Protein chains: 2
Amino acid sequence: MSKSAAGSQLTLTPVETAACCSPLLREPLSLERAEQVVPLLKALADPVRLRLVSIVAASEGGEACVCDLNDSFDLSQPTISHHLKVLHEAGILDRTKRGVWVYYAVRREVLADIAALIGGSA
Amino acid sequence: MSKSAAGSQLTLTPVETAACCSPLLREPLSLERAEQVVPLLKALADPVRLRLVSIVAASEGGEACVCDLNDSFDLSQPTISHHLKVLHEAGILDRTKRGVWVYYAVRREVLADIAALIGGSA
DNA sequence: TCAACACATCGACAACCGTCAATATGAATG
DNA sequence: CATTCATATTGACGGTTGTCGATGTGTTGA
């Protein structure tokens with residue numbers, strides 16, 4: 001397994017997806033499970049990163065290059081690069097290099113998994 | 001409005017709830033909106049707090065007293081108290097005092113709102 | 001080969017966070 | 001009252017995080 005992108009794989013069992021509400025609210029979360037989910041929540045729990053995810057997702061073709069993202073913030077290029085790295089290593093953003101540019105795209109299943117865990121469908 | 005419990009009120013408009021996917025993924029999140037949501041995500045982005053929420057929600061009657069919660073962790077009583085305070089001030093946990101005991105309960109709408117925002121229904 | 005460009009990494013710094021021991025508060029009970 | 005019990009607050013400490021400027025890396029085009 002490559003160094004990053006350890007996210008997703010929250011492994012919802014059929015039982016968990018069927019019942020009244022989200023796994024989080026139905027039964028005590030194990031320590032291991034909590035430690036799987038927390039890095040994803042940490043990655044999202046920053047205004048810059050949350051907006052980065054949003055901007056990337058809303059971009060044409062579902063991806064955006066770093067140069068565009070830099071212009072969306074009043075922050076230095078290394079800072080944006082850092083936040084993108086955090087999101088990528090959490091498994092939330094995919095990274096593709098084309099020529100000189102690097103494009104990021106949102107892994108929507110991962111966000112859906114988190115949402116399913118904390119909010120549940122019911 | 002009492003000092004804490006500023007959470008929820010993510011004010012999903014009808015338009016936002018109807019379309020293809022979550023607000024987060026459909027259009028760029030405004031700075032103000034991000035700053036509304038981030039405190040909630042920050043509150044959840046800790047293994048102890050995430051488990052606290054889970055344990056409280058899964059408890060009989062949907063609430064749990066601090067004394068029981070203390071026993072669920074290998075942490076000092078002040079530390080648990082601190083985490084409960086964070087969750088309460090974020091608006092995720094309700095607080096009720098009955099006699100000598102304090103009971104916390106999960107505000108499920110708040111978690112549902114967060115889930116709807118980040119994961120969307122689609 | 002060289003210069004320009006896009007992006008990442010490094011090193012440093014201040015601010016924030018999780019934890020604890022000690023202590024305070026406040027309710028029940030004798 | 002005095003005591004005991006449940007919970008909160010305080011103050012301190014080390015570790016983490018967000019930010020920057022400086023620099024490195026790799027690609028493109030002259």
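The chains referred to below are lettered A, B, ... by the order of the sequence lines, with proteins before strands, and numbering in each begins at 1. Everything numeric in this text was worked out from a predicted model, so none of it was measured.
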Would you say [X]'s side chain and [Y]'s backbone share a donor-acceptor pair under 3.5 angstrom?
{"X": "Ser54(B)", "Y": "Leu50(B)", "answer": "no"}
{"X": "Arg108(A)", "Y": "Ala57(A)", "answer": "yes"}
{"X": "Arg49(A)", "Y": "Leu44(A)", "answer": "no"}

Using the side chain to side chain contact (heavy atoms under 4.5 Å, CB included) rule, take Arg51(A) and Phe73(A) through it: C-alpha gap first, then chi angles, then the decisive distance, then the call.
CA-CA 10 Å; Arg51(A) 293 182 68 206; Phe73(A) 295 85; 3.9 Å; yes

Please report the C-alpha distance between Leu52(B) and Leu93(B) in whole Å, then the side-chain angles of each, then the deciding distance to 0.1 Å, and finally whether the side chain to side chain contact (heavy atoms under 4.5 Å, CB included) criterion is met.
CA-CA 10 Å; Leu52(B) 276 171; Leu93(B) 290 187; 5.5 Å; no

Strictly below 4.0 Å: does [X] bring a side-chain N or O up to OP1 or OP2 of [N]?
{"X": "Lys85(A)", "N": "dA8(C)", "value": "no"}
{"X": "Tyr103(A)", "N": "dA6(C)", "value": "no"}
{"X": "Arg95(B)", "N": "dA8(D)", "value": "yes"}

Distance, rounded to the nearest Å, where [X] contributes [atom1] and [N] contributes [atom2]:
{"X": "Leu84(B)", "N": "dT9(D)", "atom1": "CG", "atom2": "C1'", "value": "14 Å"}
{"X": "Glu89(B)", "N": "dC16(C)", "atom1": "CD", "atom2": "C1'", "value": "16 Å"}
{"X": "Leu50(B)", "N": "dG18(C)", "atom1": "CG", "atom2": "P", "value": "13 Å"}
{"X": "Tyr104(A)", "N": "dA6(C)", "atom1": "OH", "atom2": "C1'", "value": "11 Å"}
{"X": "Leu87(A)", "N": "dA8(C)", "atom1": "CG", "atom2": "C1'", "value": "16 Å"}
{"X": "Glu63(B)", "N": "dT7(D)", "atom1": "CD", "atom2": "C1'", "value": "16 Å"}
{"X": "Leu44(B)", "N": "dG18(C)", "atom1": "CG", "atom2": "C1'", "value": "16 Å"}
{"X": "Phe73(A)", "N": "dC7(C)", "atom1": "CZ", "atom2": "C1'", "value": "17 Å"}

Do NZ/NE/NH1/NH2 and the carboxylate oxygens of Glu63(B) and Arg98(B) come within less than 4.0 Å?
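Answer for the salt bridge query: yes.
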
So if I define the base as every atom that isn't primed, P, OP1 or OP2, how would nucleotides 14-30 of chain D read as a B/S/- string at a heavy-atom cutoff under 4.0 Å?
----SBBBB-----S--

Any chance you could lay out the side chain to side chain contact (heavy atoms under 4.5 Å, CB included) test for Ile80(B) and Leu84(B), step after step, and finish with the verdict?
CA-CA 6 Å; Ile80(B) 299 298; Leu84(B) 290 170; 3.9 Å; yes

